[in-house]
Number of protein chains: 2
Amino acid sequence: MAQRKNSPTIHDIAKALDVTPSTVSRALNNHPRISQTTKEAVWRMASTLNYQHNHLAAALRRGRSSLLGVMVPTINRSFFSSVVRGIEEVANEAGYAVMVCQSHEMQEQEAANVQVLLRTQVDGIIVSVGKGTSDFSHFQQIIDRNTPLVLFDRVPESLPASAVVIDDYRGAYQATRHLIEQGCRRVIHLAGPAHLNIYRDRQRGFEDAHRLHGLPLETSQILPGSLQQDAGHDSITALLEAGEPFDGIFSASDYAAVGAMQALKARGIAIPEAVAIAGFSNEPFTSMIEPGLTTVEQHSRQMGQTTARIFLEQFDHQGDPYVPRRTVLTPELIVRGSSLRQNPR
Amino acid sequence: MAQRKNSPTIHDIAKALDVTPSTVSRALNNHPRISQTTKEAVWRMASTLNYQHNHLAAALRRGRSSLLGVMVPTINRSFFSSVVRGIEEVANEAGYAVMVCQSHEMQEQEAANVQVLLRTQVDGIIVSVGKGTSDFSHFQQIIDRNTPLVLFDRVPESLPASAVVIDDYRGAYQATRHLIEQGCRRVIHLAGPAHLNIYRDRQRGFEDAHRLHGLPLETSQILPGSLQQDAGHDSITALLEAGEPFDGIFSASDYAAVGAMQALKARGIAIPEAVAIAGFSNEPFTSMIEPGLTTVEQHSRQMGQTTARIFLEQFDHQGDPYVPRRTVLTPELIVRGSSLRQNPR
DNA sequence: CACAAGTGTACAATCGATTGCACCAATGTA
DNA sequence: TACATTGGTGCAATCGATTGTACACTTGTG
């Protein structure tokens, strides 16, 4: 059974000093109408009794919890954990505690987490949606409840909520152009689920780079998949076995890119000479492997910071007519050995 | 200004059905003394009004929040995020929401997070301490407040709290023995901060493996450091420049091991033929790099599950005379190319 | 000297849900 | 018929902190 927490309350402080709880509360909140003498007495007594402010009670009364909910598909990716880090920095600074939860890419878990967050009375929710999510009604519920919602990276267009993304189109375009400039003439694209904005945009960038460089592009060059490491490995292996020719790979994910590299290496195909390859996200392992993987940096930490700031603004302007905003950050191509040839073209 | 959240309360349901809030509360909690008819009416009305249980209010009244606080040094490591995953699984199952925060290896941040968690009235706290922590008084405070505290992996011995760890000594012993069996005669140990149990134990395992195999060991073979990737790189580079001979490396961290491998490769030293190498933690990248890194699997997810279960038990037995327990999991050596020689011995 | 303005606290309602106790009605029992 | 049981709800206090309003006392001003 839950035991009585013997924490002192403002009533205890009040009793000890022979004032009322209201005075204690005001003193603790540094209210201007309380005399300096009283304040100091209260503060002293509070620390003597080892008083701990009960956030729950205050939250209930005030109608705000100073909690910020964050839901990501998984924290087990450098991209997401860096974003979380950025969110934390800004949120903590502003007096918020951050509650992180994971959808594990499953719609059901995502919906359940929304319930938990709402029940916990968080002051706002930041989300990047999972791959498994196709129905967004659980997010609509957040909006209906008048709780600020900010999305990042993976963003369903249909939701009237502010969002922070990077220019995936541009990142993909640059990476693909780079491969073409390195002499690639037939580039394979490991693509992600098309219902997610980021993968659609990356594919568009890939396609447009071909168009604008006058390079032909067949649909068979585009291989959709889960973008997991093994998926990348298997897709490329299948291509090789089928004898399909190609001299470049642009993967929408670093993980799939690594899988692809392993498939190539297993057959003794030289990287980047025979096949040049680029990924997306700049996961730390991209600089550990050999050759280093060319990839696109997403400025994840900054993305988190920006997202949190937008939440703060939105929270302060709650009630104002709401105009969702979209912030687009600029990605950066990181060129490494996996694509850098000695004699381009 | 914070807007009035127009969420319906049990009072609204009560009014709509012309019963009292107490009845509604009981109906929602499926109290046996409420008639089936009433319950169903309440449930229907609740969903009609889109009622959301206010967790805060219930928590305040009940004295328990159904929140579980988890603090790790960083979520940006596969080990920790897997543990968190394990904790989540068990905790969610038991009706707890998990609140994750990071100390970023800094004592100050760690202490601040403890305050946040306590104020948020979490029902329990699970911690793995940061490298920067030398004073543990902020944890003592958790115990004083009668809040269940469970530690994992990095555990200060001085705290009277239950803990879940793996047998670091054994993992290190096995890894080192393996290197010796592969023919290594002078193994370098990249060691971690000695004030953390895990690094002390790993070093002991390293030492004992030498002792029990009758291999000499000089203190110069042990190189303490931060165990970051660059630290591993720099330590090994320095050794090489100094002309120190060695034919094996056991790193207490996979990251430092990768740094070491890069240093070796940069000088054209063959792995594992000239120098065999093993790390610790089985981070995902260990199987991506080449050669694959021999390492020690820590069963992180299971560790999280176990930790959460211990919290649950402890919570249920609050008030009982408290006997801290220590659970030790068994690690597993994963042998890969970085240490596997063609002709051992 | 009267009154306005400013200081410092107290009172009591409130946030939303929970729960011990009281109460009434219906049913069962002797 | 009188009384004990059981089922089904209502009443009101409670969790701990916050806050609008009221009130008493000073101080300042004309």
Side-chain angles (χ1 to χ4, degrees), chain A residues 1-42 45-46 49-67 118-123 145-146, chain B residues 1-42 45-46 49-67 118-121 123 145:
Chain A
M1 290 297 101
Q3 204 63 21
R4 176 181 262 55
K5 294 261 166 84
N6 57 345
S7 296
T9 72
I10 54 170
H11 294 84
D12 300 320
I13 300 181
K15 211 165 295 172
L17 293 175
D18 201 35
V19 294
T20 59
S22 20
T23 301
V24 174
S25 171
R26 290 196 170 94
L28 291 173
N29 288 309
N30 209 8
H31 189 108
R33 293 284 286 274
I34 299 293
S35 71
Q36 196 58 28
T37 336
T38 309
K39 281 181 186 171
E40 273 160 18
V42 168
M45 183 57 71
L49 297 179
N50 194 20
Y51 168 77
Q52 279 276 344
H53 184 222
N54 187 326
H55 210 276
L56 237 51
L60 175 58
R61 180 58 226 258
R62 283 207 167 115
R64 49 171 292 201
S65 61
S66 295
L67 281 177
L118 287 178
R119 275 207 296 266
T120 311
Q121 310 287 115
V122 295
D123 287 342
R145 284 244 302 176
N146 208 8
Chain B
M1 290 298 100
Q3 205 64 20
R4 174 181 264 55
K5 296 257 165 87
N6 58 343
S7 297
T9 71
I10 53 170
H11 294 85
D12 299 322
I13 300 181
K15 210 165 296 170
L17 294 174
D18 201 33
V19 294
T20 58
S22 15
T23 301
V24 174
S25 171
R26 288 194 175 95
L28 291 173
N29 288 307
N30 209 8
H31 188 108
R33 294 286 285 274
I34 299 294
S35 70
Q36 196 58 28
T37 333
T38 309
K39 281 181 189 173
E40 273 160 17
V42 168
M45 183 56 73
L49 297 179
N50 194 21
Y51 167 77
Q52 278 279 340
H53 184 227
N54 186 326
H55 210 276
L56 238 50
L60 175 59
R61 178 59 225 259
R62 283 207 167 116
R64 48 171 294 202
S65 61
S66 294
L67 281 178
L118 286 179
R119 275 207 296 265
T120 311
Q121 311 287 114
D123 287 342
R145 285 243 303 178

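The basis for the numbers below is simple: all heavy atoms, side chains too, and nothing from hydrogens, waters or symmetry mates. So that the names make sense, note that chain A is the first sequence line, chain B the second, and so on, each numbered from 1.
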Report task. Verify side-chain contact (heavy atoms from CB on, under 4.5 Å) between Leu67(A) and Gln121(A), making sure each step is shown before the conclusion. Result -> CA-CA 8 Å; Leu67(A) 281 177; Gln121(A) 310 287 115; over 6 Å; no

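Rounded to whole angstrom, the span from the CG atom of Asn30(A) across to the C1' atom of dT18(D) amounts to 16 Å. The interatomic distance linking Asp12(A) (CG) with dC15(D) (C1') rounds to 13 Å, in whole Å. Distance, Arg64(A) CZ to dA17(D) P: 17 Å, rounded to whole Å. Per the geometry, CG belonging to Leu28(B) stands 15 Å off C1' belonging to dT9(D), to the nearest Å. What separates CG of Leu56(B) from C1' of dC15(D) is a distance of 12 Å, to the nearest Å. The separation between Ile13(B) atom CD1 and dG16(C) atom P is 13 Å, rounded to whole Å. For the pair Leu60(A) CG and dT14(C) P, the interatomic distance rounds to 14 Å; values are reported in whole Å. The separation between Gln121(A) atom CD and dG16(C) atom P is 9 Å, rounded to whole Å.
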Requested in this report: Going 5' to 3' through nucleotides 6-13 of chain C, assign each nucleotide B (protein heavy atom under 4.0 Å from a base atom), S (under 4.0 Å only from sugar-phosphate atoms) or - (no protein heavy atom that close).
Outcome: -BBBBBBB

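Separation of atoms CD1 (Ile10(A)) and CG (Leu17(A)) is listed at 12.0 Å; rounding is to 0.5 Å. Going from atom OG1 of Thr9(A) over to atom CG of Asn54(A) covers 9.5 Å, rounded to the nearest 0.5 Å. In this structure, OG1 on Thr120(A) lies 8.0 Å from CG on Leu56(B), to the nearest 0.5 angstrom. The distance from the CD1 atom of Ile13(A) to the OG1 atom of Thr20(A) is 12.5 Å, given to the nearest 0.5 Å.
Over its full length, the helix from dC1(C)-dG30(D) to dA30(C)-dT1(D) turns its helical axis through 50°, comparing axes from the five pairs at each end and rounding to 10°.
The residue among Val24(B) and Ala57(B) whose nearest nucleotide of DNA chain D lies closer to the 5′ end is Val24(B).
Enclosure of atom NZ in Lys39(A) by more than 12 non-hydrogen atoms of other residues, nucleotides or ligands within 6.0 angstrom is indicated.
For the pair Arg26(A) (side chain) and Ile34(A) (backbone), a donor-acceptor distance under 3.5 Å is absent.
Checking the phosphate oxygens (OP1, OP2) of dT18(C), a side-chain nitrogen or oxygen of His53(B) falls inside 4.0 Å. OP1 and OP2 of dC15(C) both lie 4.0 Å or more from every side-chain N or O belonging to Asn54(B).
Asp123(B) approaches Ser66(B) most closely through the heavy-atom pair OD2-N, 2.7 Å.
The side chain to side chain contact (heavy atoms under 4.5 Å, CB included) search around Arg119(B) returns Gln52(A), His53(A), His55(A), Gln115(B), Val116(B), not counting sequence neighbours.
Across all strands, Ser25(A) comes closer than 4.0 Å to base atoms (heavy-atom distances).
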